[in-house]
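Convention: sequence-line order gives letters A, B, ...; per-chain numbering from 1. The structure presented is a predicted model; accordingly, all values stated were derived computationally and were not measured.
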2 protein chains.
Amino acid sequence: MKIGDLAAKTGVAPRLLRYYEEVGILHPFRSSNGYRTYGEPAIDRVLQIRELLESGFTTEMIREVLPCLEAAKEETEAPACPAVKDLDGLRRQLSSIERRIDVLQRNRHAIETYLRAWEDAMAATPTAADGVPVPVSE
Amino acid sequence: MKIGDLAAKTGVAPRLLRYYEEVGILHPFRSSNGYRTYGEPAIDRVLQIRELLESGFTTEMIREVLPCLEAAKEETEAPACPAVKDLDGLRRQLSSIERRIDVLQRNRHAIETYLRAWEDAMAATPTAADGVPVPVSE
DNA sequence: CTAAACCTTTCCATTAATGTGAAGGTCAAG
DNA sequence: CTTGACCTTCACATTAATGGAAAGGTTTAG
């Protein structure tokens, strides 16, 4: 698969696929003409990368955790050794992720509460066309 | 409270406090000499901003949700009206947050699994000083 | 064979968040 | 009144992620 094909299948611009290689999170082969060549697994890997980037990971964090995320997918009982180099780094990543889940959950809850209050108010109150409740004089 | 005090109490550089004002997520008063003046609530607000930034929010997202997060804290039954301008934007933020929680949880789980497998392997296997399991010939 | 549609590398631009320094105003302590 | 520690604005630098164009090689279709 050439870079354009992978771009088409993932919706990620060729420019970015080259960038991901540059920062060491994607490792295409090269065919004799110098063209990058990707296998099928690259599709999932790129989608995974996008997902992580959109969730606020940096490419550096991704470089650390991606090998282990992929190793975790293989049903091998004994862990393969890709990320062995820094087990502690991995633990730090893990607690960073946990902190962020926590923040996200707290804020999700606050927004839900706020939205629900608003929706209740909308249901109980005459509203103008723009959805803003009309003040009720009493 | 002047900018240096707030910086000291939050651990956030004055430069950044000015930046947060510039992008509209922090709103100090000005005293007659032109100095920025912050009240006590600014401390929590700044800490909240840091937390959100570190969890991958942009200042733009923060500008959208912060008023409502603060409104949600007040126990007022009827929602105050700060973020009224874009209730739909808020719903989009909410589902974006939910997507991200999802991604984070999936990856937390994968990393936990991987780490646990590694720890088990370490416990069951002779290890060298650097913590890397020694291959056992059989 | 040629033109279109790929691919390559290189370099420059942009946005967000942040760091840093210059040039100058304010204020409190000595 | 002067000095030092603040504060102000303005401007430029940097890093990460991304966009884009230039100049040139390859491949495929006609």
Side-chain angles (χ1 to χ4, degrees), chain A residues 1-39 42-43 45-66 89 93 96-97 99-100 103, chain B residues 1-39 42-43 45-66 89 93 96-97 99-100 103:
Chain A
M1 191 168 27
K2 286 186 292 184
I3 200 171
D5 303 326
L6 183 57
K9 291 195 196 177
T10 58
V12 176
R15 171 69 179 86
L16 283 186
L17 298 177
R18 298 195 188 100
Y19 176 65
Y20 298 155
E21 179 184 6
E22 189 186 326
V23 297
I25 60 185
L26 198 56
H27 311 286
F29 304 103
R30 295 298 180 120
S31 46
S32 40
N33 51 13
Y35 288 14
R36 290 167 179 82
T37 306
Y38 303 86
I43 299 174
R45 184 161 179 127
V46 168
L47 295 177
Q48 171 90 334
I49 289 173
R50 288 308 311 171
E51 197 176 62
L52 292 172
L53 280 174
E54 275 153 27
S55 301
F57 285 70
T58 64
T59 54
E60 201 190 348
M61 300 165 73
I62 295 175
R63 195 183 326 119
E64 277 190 68
V65 302
L66 198 45
Q93 294 279 343
S96 150
I97 291 176
R99 267 200 314 281
R100 291 165 53 168
V103 170
Chain B
M1 195 170 19
K2 287 186 291 184
I3 200 171
D5 304 327
L6 183 57
K9 292 194 195 176
T10 58
V12 176
R15 171 66 176 90
L16 284 185
L17 298 177
R18 298 194 188 99
Y19 176 66
Y20 298 155
E21 178 183 7
E22 189 187 324
V23 298
I25 60 186
L26 197 55
H27 310 287
F29 303 102
R30 295 300 179 120
S31 45
S32 40
N33 51 12
Y35 288 14
R36 290 169 179 82
T37 306
Y38 303 85
I43 299 175
R45 184 161 179 127
V46 168
L47 293 177
Q48 169 90 332
I49 288 173
R50 287 307 312 169
E51 196 177 61
L52 292 172
L53 280 174
E54 275 153 27
S55 300
F57 285 70
T58 64
T59 54
E60 201 190 348
M61 300 164 74
I62 294 175
R63 195 182 326 120
E64 276 190 68
V65 303
L66 198 45
Q93 295 279 345
S96 149
I97 290 175
R99 266 199 315 281
R100 291 165 53 170
V103 170

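Here C:dT10 presents its P atom at 10 Å from CD of A:Glu22, a figure rounded to the nearest Å. Taking atom CG of B:Leu26 as the reference point, atom C1' of C:dA17 lies 15 Å away to the nearest angstrom. Taking atom CG of A:Leu53 as the reference point, atom P of C:dT15 lies 20 Å away to the nearest angstrom. Note: CG (A:Asp5) to P (C:dC6) measures 10 Å, nearest angstrom. Rounded to an integer number of Å, the gap from OH of A:Tyr20 to P of D:dA16 is 14 Å. Computed from coordinates, the A:Arg30 CZ to D:dG25 P distance equals 17 Å when rounded to whole Å. With rounding to whole Å, B:Met1 atom CE is found 16 Å from D:dC6 atom C1'. Taking atom CG on B:Asn33 and atom P on D:dT8, their separation rounds to 9 Å, with Å as the unit.
Cation-pi geometry between A:Arg50 and A:Tyr20 is not met at under 6.0 angstrom from the ring centre and within 45 degrees of the axis.
Looking at B:Arg18, its side chain has no donor and acceptor atom pair within 3.5 Å of the base of D:dT8. Looking at B:Tyr35, its side chain comes within 3.5 Å of the base of C:dG25 through a donor and an acceptor atom.
Of the side-chain N and O atoms in A:Arg36, one or more sit less than 4.0 angstrom from OP1 or OP2 of C:dT8. Taking only side-chain nitrogens and oxygens, A:Arg15 never comes nearer than 4.0 Å to OP1 or OP2 of C:dT14.
Interatomic distance, B:Thr10 OG1 to B:Gln48 CD, rounded to the nearest 0.5 Å: 13.5 Å.
Residue B:Ile3 has its side chain nearest to D:dT8 when only C:dT18, C:dC7, D:dT8 are considered. The nucleotide whose nearest atom lies closest to any side-chain atom of A:Tyr19 is, among C:dG19, C:dT9, D:dT18, D:dT18.
If you check residues 56-63 of chain A against DNA chain C, you find no residue with a heavy atom closer than 4.0 Å.
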Inset, instruction - Just do the side-chain contact (heavy atoms from CB on, under 4.5 Å) check on A:Leu17 and A:Arg36 with the steps written out, would you? - result: CA-CA 10 Å; A:Leu17 298 177; A:Arg36 290 167 179 82; over 6 Å; no

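Comparing A:Tyr38 and B:Lys2, the nucleotide of DNA chain C nearest to each residue sits closer to the 5' end for A:Tyr38.
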